[in-house]
Structure formats: structure tokens, C-alpha cells
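Just follow the structure's listing: the first ligand is 1, and inside any ligand the first atom is 1. By convention here, the first residue in the shown sequence is residue 1.
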Amino acid sequence: MSKFYLTTPIYYVNDKPHIGHAYTTILADVLARYHRDSGDEVFFLTGLDEHGQKVQQAAEERGVDPQDHCDKMAPRFLKLWEKLHISNDDFIRTTEKRHAKVVQGILQTVYDNGDVYENEYEGLYSVSEERFITDKEAESGEFRDIKKLKEKNYFFKMSKYQDALIDHIHANPKFIQPDHRKNEVLGFLKQPLGDLCISRPKSRLNWGIDLPFDKDYITYVWFDALINYVTATGFSVNDAGYEKWWPCEVHLIGKDILTTHTVYWPTMLMSAGIPLPKSIFAHGWWLSGESKMSKSLGNVVNPLDLIEEYGVDPVRYYLMREMVLGQDASFTLESFVKRYNSDLANDLGNLVGRVTTLIERHFGGTIPASGQLEDREQELRDMGEALSTVIPDHILSMRLSEAVEETMQYVRAINRYMERTEPWKLVKNNLERAGTVLYNATESLRQALVLLRPIMPVRTEIVLKMIGAEFDKVREPLEEGLPLGEFEIPFPKIEMPEADKKEHQTEEMNMSDEKIAIEDFAKVDLRTAFVIAAEKVEGADKLLKLQLQVGEEERQIVAGIAEHYSPDEMVGRTIAIVANLKPAVIRGVESNGMLLAASGDDSVVVVTLDDPEIGSGIRIS
Ligand code: MSP
């Protein structure tokens, strides 16, 4: 067993959490879960950056103390992490006492080593922006209240460590990842490195940690923030206890904070005599379609809206599948729905439905025995075996989207195996062979689910239960006789957003060119049903809940027709339904069947019948 310490950036407490913050944190969570599953001892850290000018200003605007302001804002992140099932081991806030102590300890060491000097800086200062500005900025006319200011500050001799840092990057090829980011940093280091101003006079900013060697100053916010990564290990100067976790295996960051992490941070550590982190991995940006997400453009994706609408695991899946680590990725709702429907609802969901239904119907709901293996089973097993080395390799090399895709290829291969062996036919004349096929398909499905578990911890657990894999034994092969759990649709299909509907419709029309046999049609139990009552589904604009009389029986269905029919218009009609669909839960409401409707570009017309016998079968004639 080895240890694995990983971190996310600590996010600005003032920010409203968005998909970017959620992404880095989910990525860290997936890696943490993966390493835990592999038997590593994991320490996963995330937290908040709470000092600095913006926080001070925001608190002043609200007329509250900055600490109260932080305490009020922090839970927004904590709540989001809880909702996203983030399994962090620690949550650090830079306003905690444990942190101030470490920052001051490290500053004192750096100072004692002779790496801090005082310097007076004279330049143009914008009072409204509260920062020094360049001559060019002053000429731009965009800054108000400009004055010449002379200010004494403390500087860290970053330049002293420039050569050592370049050597370190060359000697440790994995230190900065991916390679193009490493080259970017090496390019930056070709210019002489300046020294870093690490103080702010209290006369203009006091929301920060006091410099231990001059109480009239506070620490520059980045010098303070980066140190969080060692604070959380229990670091204290002259105490070796923190070495259980430090150096950390990987700092996950976005490309926007590359220089601070790969130049400031390592040189600070060198000066303080603390080992450097093993690697820093910078991922790209999530764009909204083609453009940058920004508050002013109003295109920032709110993760809470998404998970409320579509569930946590599908969002985690999409983010991991869609971003090739290191590159930018584009987020659109259409691509989300497409990815979800094709990978999760179709490939994975249908496989789960098929194997469980057949086992339920023909093997009394318990895992059948695997008899004689034929080539096809052997092929499937070999593929599964190969995955068990390919996937760890992808994950350890931060190729997460490839790991997901390879796993889904496997799921598709299991579906193909089912189509070739046709267990639904075998059950009629060769039950033993049908059992073998179903055992092998379900066992392969179990392997795929275990690989997807770090990404979708909740839904994979549900499906594992459905296929009989016991909680503490999900990593062991299924055994004959294990009872299946209760069935539910793990990934109900999502309706396409309007913009994408047309394309989808043509796809469906193309599909309907394929001819089916009359026996296939006969499997669909079409019936007439009388609408006794109807009402809107709360919180869903498109859904109506209908109570139906079908022959002797009453049943409830949910239909996506609320934009076209009011509840009153539906009551009293006799409609046509598919009566033998598996029950589904749509927006928390159970639906036992679906109604037939003709749909055009903008219209939906429910198939309505005149005076038939209620509950009678609809047949082709
Ligand atoms: N507080 C600093 C980090 C200090 S770490 C010692 C900070 N905070 S932040 O709130 O701005 O968060 C920045 C991080 O959020 C990025 O590095 C990245 O991980 C994530 N993202 C923010 N927007 C993003 C996208 N649009 N896309 C992907 N991730 C981005 O900087």
C-alpha cells in the first residue's frame, strides 16, 4: 500500500461556485476514489482562499467583519461538495489558526535564511483599484484617482532559485504536466526571474496574516494561499511529523494558475528547505460552447442547476468523459444530453435492463451457472483482463477520458456479445447455454461497473446491487445463485433540449427504415386506457401525471405532453398506451407505461380513440 496525497486549488471564498470549481474538485475526487479502490492510503485536500483585498472590500460593502463574511460564504462550497459526493479528507480555510501559524513559521525561516529584503518602490498607484499600475495602464485612461506613491515592501529573493528550479524541472520530467505546460514554464524561465513582493502595508490592506518580522505588514495573498498545501499535512517548523503525507503526489490546478504553482511555490519551498511536490498537473478550461465562461457574458454554467435537473453522477460522467486532460473543452447542454443518452441510457442502461430481465424471467432472479465456455466468452474475458491493466495505466497517466471511453467500449462489446449469442432465443431450447451467456455478460458488466465506480459512485453502486454483487464483494467475480436486487432504471433517457430536437428526429426516422418481424411487434402490449384524472408534475413544465383505468386495473403514467394539453383536456379521453413497459421513475413520480402521440416539429397530438372497450388490446389487422 502506498500513500497518495492530492490537492485542488483553494477557491476564492467570494466566488460563486461554478462548473470550473466543480470540475477540478470532481477530477480530484475521481482520482482519490480510484486510488482508495486500488488500496492506496489517500489524503485528498480542498479548501478556500479567504484573505486579500476582494474579501475585505466585499465585507466592507456588506458592513460586516471580514471573518463573518467568510463564514457566511464558505458553506456554499461545502454544500456543493456534499451534493457532488466529494470525498475530501480535509477542508482547509486560510483564516484558520493552524494555517496562520504555519505561514508565519515559513516566512520566518525564509527571512532567517536571508531570502527576504526590504525595498522602497515608487510608482503610480490607483486608489480606486488599490494597486500599483504601469505607465501604460495610467495612459489608457481607465484608472481613476492615480497618485505617485512611495511604499516600502518586503521582497522574496525568487531570482536566487531560478537555476535550481530549471534543473529540477529537467531532472523530474513529471514535475510539470502535461508536457506543453512544462515547456511553457521553461520558456518563461528563459527570462531573468524577478523577485516577489510578499507584503502589503496595513495602511491599505489589513485582511491577511501578519508578517512575523514586521507587524505593520500582512502577507501577500498568494504566499499565504500556496502554503495551505503543507499546513494540512500538520506541518510545523522543525517537526518531521508532516512527512507522512508531504511531498504531495499531485497538485491539480487550472492552467490559469500555472506560474504561481510552478514558479512561486517551488522557489518558496526551496528557500524554506521543504521538499517540492512530486507533480503539478494543469488542466484546460471549460468553455461555454466556444466562448470563455464569464460573469459579464452571463454564460457561466451553474453546477447546482445541472445536478438538480440531471443528477450528480451523469454530470460527473460527462465532465470526466468530455475533457481531454490538458486541453480546453466545450460545455453545451446538447452535448451533455447526447452523451448521456448514448453512453448511459443506451449502452449501459439497456445492457443492465436486458441481463436483469432475462435472469429474472428465466432463472428465478438468481445468477445462473456458467457452463462450458466457448470462444465468444473467452474473447469477452480476455478483453476484461486486458482492461484491468490498461485502465490503471490511463488513470496514472491522467488520461481519464480515455479510461472512460475504453470502459464504455467494453460495455458495447458486452452488448454485441449478447446480440450474437441471443440468450433470449436460447432460453427456449438451451437453458444451460443461456445461463452461461447471461453469467458471462453480467460478470463482464460487473467489471465495467467497478471501473466506472470512482466516476459514478452512487449509480454504479445501485446497479451492482441490482446484479447481485454484494456491497463488500463488488470486486469479486459473481457467484452462481446470488439473488438479483430490486430493479430500477438506472439511467432514464433524457429528453433533448428543444434546439437539438430536429436533428434527433431525423435520426429516429432513419432508424425506422429498419424492418422488424411481426413477432417483434407482438411483444408490445398496446392497450386502450381511460383517463380518470390528470395533474401537472410539480417542478416539471413538460410533464403530466395521468391516472388511468386499464380494464380492471388502475395505473399511473407520466407523459411529456403538458405543453400541449392541460390536465382538463386529458380527463375523459380514451387513449392508447404501451402497457408492458418496465416501470420508470420520472422526476420522482412512478410511471407504469407510456401513451402514444403523434409529434411534429412543434405539435403533439395524443392518439385518442372513440368508444372502444376500455383496456382492450390494440392489434394490427
Ligand atoms: N485562490 C486561487 C487559487 C489558490 S491555490 C493555492 C484561485 N481561486 S479560483 O477560485 O479562481 O479558482 C481557480 C481554479 O478554478 C482554477 O485553477 C481551476 O481549477 C478552476 N476553474 C475556474 N474556472 C474554470 C473553468 N472555466 N474551467 C475549468 N476550471 C476552471 O485561483
Side-chain angles (χ1 to χ4, degrees), residues 6-31 45-55 58 70 73-74 76-77 80-81 84 86 90-95 99 102-103 106 177 181 196 207-209 219-232 248 250-266 268-269 277 280-303 306 315 318-320 322-332 398 400:
L6 81 168
T7 67
T8 72
I10 47 171
Y11 305 110
Y12 290 127
V13 69
N14 251 355
D15 280 1
K16 186 168 175 216
H18 60 70
I19 200 79
H21 305 122
Y23 174 70
T24 318
T25 316
I26 292 172
L27 173 64
D29 186 62
V30 169
L31 291 172
L45 175 70
T46 186
L48 295 176
D49 193 348
E50 304 195 330
H51 286 131
Q53 190 160 296
K54 282 200 176 140
V55 176
C70 294
M73 305 299 265
R76 295 175 313 159
F77 281 90
L80 179 62
W81 301 157
L84 288 171
I86 302 299
D90 195 354
F91 186 82
I92 191 162
R93 297 177 54 188
T94 51
T95 51
H99 183 59
V102 176
V103 171
I106 289 180
Q177 296 179 58
R181 296 287 168 221
L196 186 67
W207 186 235
I209 296 172
T219 311
Y220 165 50
V221 70
W222 271 100
F223 202 98
D224 158 353
L226 287 159
I227 290 174
N228 91 86
Y229 301 134
V230 292
T231 301
C248 110
V250 62
H251 291 314
L252 295 171
I253 58 166
K255 65 180 181 181
D256 51 324
I257 49 178
L258 186 68
T259 311
T260 46
H261 279 79
T262 58
V263 179
Y264 296 10
W265 180 225
M268 284 163 62
L269 289 168
I280 299 148
F281 191 100
H283 63 71
W285 279 80
W286 277 99
L287 306 173
S288 189
E290 299 298 313
S291 29
K292 203 173 163 184
M293 286 187 197
S294 82
K295 262 193 240 164
S296 51
L297 290 174
N299 61 358
V300 180
V301 178
N302 180 349
L306 269 184
V315 173
Y318 172 81
L319 293 177
M320 293 303 113
E322 221 66 7
M323 182 176 269
V324 175
L325 270 167
Q327 296 171 20
D328 289 347
S330 153
F331 185 99
T332 65
M398 301 292 275
L400 265 76

| query | Would you say His21 and Trp81 make side-chain contact, with heavy atoms under 4.5 Å? | reply | yes

| note | Partner of Thr219 under side-chain contact (heavy atoms from CB on, under 4.5 Å), picked from Val103, Ile227, Ile106, is Val103

| query | Which of the atoms in ligand 1, numbered in the order shown and given with their element, are less than 4.0 Å from a heavy-atom of Thr24? | reply | 18 (C), 19 (O), 20 (C)

| task | Taking Trp207 for its side chain and Glu50 for its backbone only, find out whether a donor-acceptor pair lies under 3.5 Å. | result | yes

| Any non-hydrogen atom of His18 lying under 4.0 Å from ligand 1? | yes

| query | Quick check: does any side chain N or O of Arg76 sit under 3.5 Å from a backbone N or O of Val13, one acting as donor and the other as acceptor? | reply | yes

| said: I'd like to know if Trp285 contacts ligand 1, where contact means a heavy-atom distance under 4.0 Å to any ligand atom. | reply: yes

| Near Tyr229, which atoms of ligand 1 are under 4.0 Å from a heavy atom of that residue? | 5 (S), 6 (C)

| message | Pairs of nitrogen or oxygen atoms closer than 3.5 Å, one from Gly254 and one from ligand 1: do any exist? | response | yes

| message | Given His99, which partner from the list Thr94, Thr231, Asn228 fulfils the side-chain hydrogen bond (donor to acceptor under 3.5 Å, both in side chains) test? | response | Thr231

| task | Locate the shortest heavy-atom distance separating Ile92 from Ala232; write the atom from each residue and the value. | result | CD1-N, 4.1 Å

| request: Over all heavy atoms of both residues, which pair between Gly284 and Met323 is shortest? Give the atoms and the distance, please. | output: O-CE, 3.7 Å

| task | Give the atoms of ligand 1, by number and element, whose distance to some non-hydrogen atom of Gly284 is under 4.0 Å. | result | 28 (C)

| message | Give me the residue, atom name and distance of the protein heavy atom closest to atom 30 (C) of ligand 1. | response | Gly20 CA, 3.6 Å

| Contact atoms of ligand 1, heavy-atom distance to Ile257 under 4.0 Å | 17 (O), 31 (O)

| said: Are more than 12 heavy atoms, taken from residues, nucleotides or ligands other than Lys255, located less than 6.0 Å from that residue's NZ atom? | reply: yes

| query | Got a donor-acceptor contact below 3.5 angstrom from the Asn14 side chain to the Ala58 backbone? | reply | no

| remark: Note: ligand 1 atoms sitting under 4.0 Å from heavy atoms of Asp256 are 13 (C), 16 (C), 17 (O)

| note | So the atoms of ligand 1 within less than 4.0 Å of a heavy atom of His283 turn out to be 19 (O), 28 (C), 29 (N)

| task | Compare every heavy atom of Gly47 with every heavy atom of Thr8, then report the nearest pair and how far apart it is. | result | OG1-N, 4.4 Å

| query | Quick one: which ligand 1 atoms are inside 4.0 Å of a heavy atom on Asp49? | reply | 1 (N), 2 (C), 4 (C)

| query | Would you say ligand 1 has an N or O under 3.5 Å from any N or O of Tyr11? | reply | no

| query | Could an N or O of ligand 1 be found under 3.5 Å from any N or O of Ala225, whether backbone or side chain? | reply | no

| message | Under 4.0 Å, counting heavy atoms only: does Trp265 come that close to any atom of ligand 1? | response | no

| query | Nearest heavy atom to atom 28 (C) of ligand 1: which of Trp286, Tyr12, Phe77 does it belong to? | reply | Trp286

| query | Which protein heavy atom lies closest to atom 3 (C) of ligand 1, and at what distance to 0.1 Å? | reply | Ile10 O, 3.2 Å

| task | Would you mind listing which atoms of ligand 1 come within a distance below 4.0 Å of any non-hydrogen atom of Trp222? | result | 2 (C), 3 (C), 4 (C), 5 (S), 6 (C)

| Taking every non-hydrogen atom, the tightest pair across Ala28 and Leu6 | O-CD1, 3.4 Å

| remark: Within the 4.0 Å heavy-atom cut-off, what Thr260 brings close to ligand 1 is neither

